[in-house]
Amino acid sequence: MVQVINTVDTSNDVDTHDATAVNKAENRSLYASRVAIHPKAASGTFRRLKWILVFVLLGIYYISPWLRWTRPGDAPDQAILIDLANRRFYFFFIEIWPQEFYYVAGLLIMAGVGLFLVTSLFGRAWCGYACPQTVWTDLYIWVESKIEGDRNARIKLDAAPWSASKLAKRATKMAIWLAIAIATGGFWVFYFADAPTLFVELITGQAASVAYFTIAILTATTFTFAGFMREQVCTYMCPWPRIQGAMLDEESLVVTYNAWRGEPRMAGRKKAEAQGLKVGDCVDCNACVAVCPMGIDIRDGNQLECINCALCIDACDAVMEKIGKPKGLINYTTSSLYAANVAGKNEHWDWHHLMRPRTMIYSFAWAAVGIAMLVTLVNRTQLDVNVVPDRNPLYVMLSDGSIRNGYTVKILNKKQEERTFRLSIGKLPGASMEMVGQDGVTATTFDITVEPDKLKAVKIYVATKDKDVVEDERTDFEFKVEELNAKGVAEEANYSAIFHAPEEKD
């Protein structure tokens, strides 16, 4: 089914669009083919804002893998890199190890709480301005309009029989869409390997098969979702429209048609006014429907399908300017302000509406997680120690009457330089150590050299015949690791362990 669109002039010199809200709930059918939505190009404040965000967000996505950041040693010089092979995540001067995954968890929590906060404040602003589906769909529609023309031209082309001209336009459009989709998938894999190296490997056929498979999957999804499914992804596939209702309250800013001002709507304003009829500011031109990428009519009220992109505001403001009426017939407002204006109070939004219990709780939670992550990041050390005790046997009784326990001591050097550490034990009277590989040498300390960015595991046997320790089934003590010959501040770490002895029998 194809929308047939005509444009005529009204007595107010405003173009009236024969546009139908094909994605409105009552107009949709699960048993009918999708009706293509061809939004008209909009211009205005919100459209400019969306273009700025499209440019910035796509720029970040496509440029970030190519940024360089010099690191010491053999560490990669890619500024942003998810190095799965070596189990590292690099973000400029920050290096995240697998055991520090809580930073990733913290970022995900911040992203979730931040989304709740933005939705509570500004409705589905994420969906309308920053969601990848919206950003790439905007790009695809822009390409489509440059090749096939604006809304009316695209609808006519849809209805026209196949010809050489139509085939050429469609082929050109599809080719550019496919190139964008391939670039999207290609640049995604650059985040997981050195970008220049992987680029050469990809074009020479030497890259790993998983790289080509990932690019193929992302190419197919980008091409399909942004080119053909568009509003259906938001309406049927994305769960957020159904969740966001719980995030909104009467003070949330959402795109709203002010029916108290616009009704009764009619096209022939001058004639109706001359007859003494009451008319609203809405001239029923359907400009708001024509520009909507979701295919809805904002005048039907708040709807699940609305992504708060505000293009209908730009379209309506342009019409209001033409007919000499104040802008804002469609605008961002809250339920409470709408109700106040219906009651004739003529209230307007100000920043005080942002400060309310819900948003303050979200802001506090978001800031608390961020501050906690920042504090731990600033204070974390480049040394990590872990001790794994032998489980079988827990202890061994030696011929001289002493008790021996075995431990595997793991020392992680997070710096890109070789470091030497001194291992000792504390809080265990009469204890001595023996390190496997040291020809049976018994000592109270051992110096251990760890290669750059490596973990070294050593087998340590701790023995003592101190009477108090031997007679106690469990004794708490510490392994101490101290850096030697440090170029800067020497780091140290302590690890609490348990020394086991035979259980006393009555």
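Both backbone and side-chain heavy atoms feed into the values below; hydrogens, waters and symmetry mates do not. Residue numbers run from 1 in the order of the sequence given.
Side-chain contact between Y129 and L49 is present, with heavy atoms from C-beta onward closer than 4.5 Å. The side-chain heavy atoms of N413 and L383, taken from C-beta on, include no pair separated by under 4.5 Å.
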**OP:** Starting from the C-alpha separation in whole Å, work towards a yes-or-no answer on salt bridge (Lys or Arg N to Asp or Glu O under 4.0 Å) for D138 and K50.
**Re:** CA-CA 9 Å; D138 272 353; K50 281 174 65 67; 3.2 Å; yes
Subject >> Full working for ring-ring contact (aromatic ring centres under 6.0 Å, His included) between W97 and F101 >> reply: CA-CA 7 Å; W97 289 65; F101 188 79; over 10 Å; no
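Between E251 and R358, no side-chain nitrogen of the basic residue sits less than 4.0 Å from a carboxylate oxygen of the acidic one, so the salt-bridge criterion is not met. Electrostatic pairing of D150 and K40 counts as a salt bridge here, judged by a charged N lying under 4.0 Å from a carboxylate O.
Relative to the ring axis of W51, R47 places its NZ or CZ within 45° and under 6.0 Å from the centre.
Checked against salt bridge (charged side-chain N to carboxylate O under 4.0 Å, His left out), R88 has the following partners two or more places apart in sequence or in another chain: E95, D453.
Checking R170, K166, K169 one by one against E148, the salt bridge (Lys or Arg N to Asp or Glu O under 4.0 Å) holds for a single residue, R170.
Expressed to the nearest 0.5 Å, how far CD of E263 lies from CG of L329 amounts to 8.5 Å. Here the OG1 atom belonging to T235 is positioned 10.5 Å from the CD atom belonging to Q303, to the nearest 0.5 angstrom.
Within 6.0 Å of atom OH in Y102, more than 12 heavy atoms from other residues, nucleotides or ligands are found, so the atom counts as buried in its surroundings.
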